[in-house]
Amino acid sequence: MPILTRMLPSPLVVEVRRGAVADVAQALRDRHVSASGAVVVAVGPSQGEAIWESIRDSLPDAVPFEVRDASLATAARLQEAMAGRGYDAVVGIGGGRTLDVAKYAATRAGVPMVAVATNLAHDGLCSPVASLQHAHGKGSYGVAMPLAVFVDLDYVATAPRGLVTAGVGDVVSNLSAVADWWLAHDVRGEPVDGLASALARNAAEAVLRREDGVEDDDFLVTLAEALVLSGMAMSVAGSSRPCSGACHEILHAVDQLYPGTSNHGELAGVGALFATYLRGDTTLLGELRRCLTRHGLATTPEALGLTEQQFVAAVLAAPQTRPDRYTVLEHLALDEAGAAAAVAGFLADAG
Ligand SMILES: [Zn+2]
């Protein structure tokens, strides 16, 4: 009988629990990634040394690699380090930047990558995309999925609060991104992938109305799983479409115009609010606003440290950040006066 289904690339292992970093050597053996532990362990600059010290005795054949920045150059250096001898895998332990560099280098070196996330700042931990700096800005690069994804709740629980709540902003922005996708479907006939849309939307719904927060392990597990499902949605779609619409165009514009304003997830949350306002979906707007507020995330440009004029400039620049993506911004094609009026209306609505 023919198998009339599609095969989905996905990690072989997804585990969200305490103690994942401490058990990484055992996991590499159990999952047949590396029997001898001959791996390159990529760690970030902040917690990297402590993480390496805590596992080096269990991985005598491993070598550490410090990821100082999320750049193509750093990823190339990691790839070069892989060539030193026949390493079995790259193990990335840390936040999004470290994991992105590890994913890219492992893909280029043709070896598996194991992701051990220590915060939940965005949906990159299990996505087929790496976001890296190059000489002229920032690019998104297609990479292989991690072979295994571990989220260590011991580290997540002690990570700076903003690096965990940020994940909430990124995952609930899926609802705005999928709405943009359907808009592109209705207006331009762009096909919507039903499975990718289901994964992205349900990931967001799982988090949207919860009353508990990042202090609770139950919430952290749900958030981590939602971020993994978002990565799967992108893998199924073959693009970031289900998790990135006008919300992310605005965040990329803010990043370009006013670098360092806030983290990815918090910006995605505000971008999603504004895009949802533009689409006139007052019910979702209210729910998103309540959710972001509950987790202490910004809901206005002012809370991000941006003036009204700066946000208008970001809205105007946003479509250029993803020229091939049709969202409510491309749909409305706001000119300067239109963008200013829309932002003023959004701020009045936010009260
Ligand atoms: Zn995102």
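One-based numbering, in listed order, for ligands and for the atoms of each.
Asp170 lies close to the Zn ion (ligand 1), since one of its N, O or S atoms is found at a distance under 2.8 Å. The Zn ion (ligand 1) does not have His122 among its coordinating residues (no N/O/S atom, backbone or side chain, under 2.8 Å). Residue side and main chain included, His248 places an N/O/S atom under 2.8 Å of the Zn ion (ligand 1).
Sequence neighbours left out, the pairs with a member in residues 91-107 that pass salt bridge (charged side-chain N to carboxylate O under 4.0 Å, His left out) are Asp100-Lys103.
Arg279 forms no cation-pi arrangement with Tyr277, by the criterion of a distance under 6.0 Å to the ring centre and an angle within 45° of the ring axis.
For Phe65, the ring-ring contact (aromatic ring centres under 6.0 Å, His included) criterion is met by no residue, not counting sequence neighbours.
Glu287 has a carboxylate O that lies under 4.0 Å from a charged side-chain N of Arg209, or vice versa, which qualifies the two as a salt bridge.
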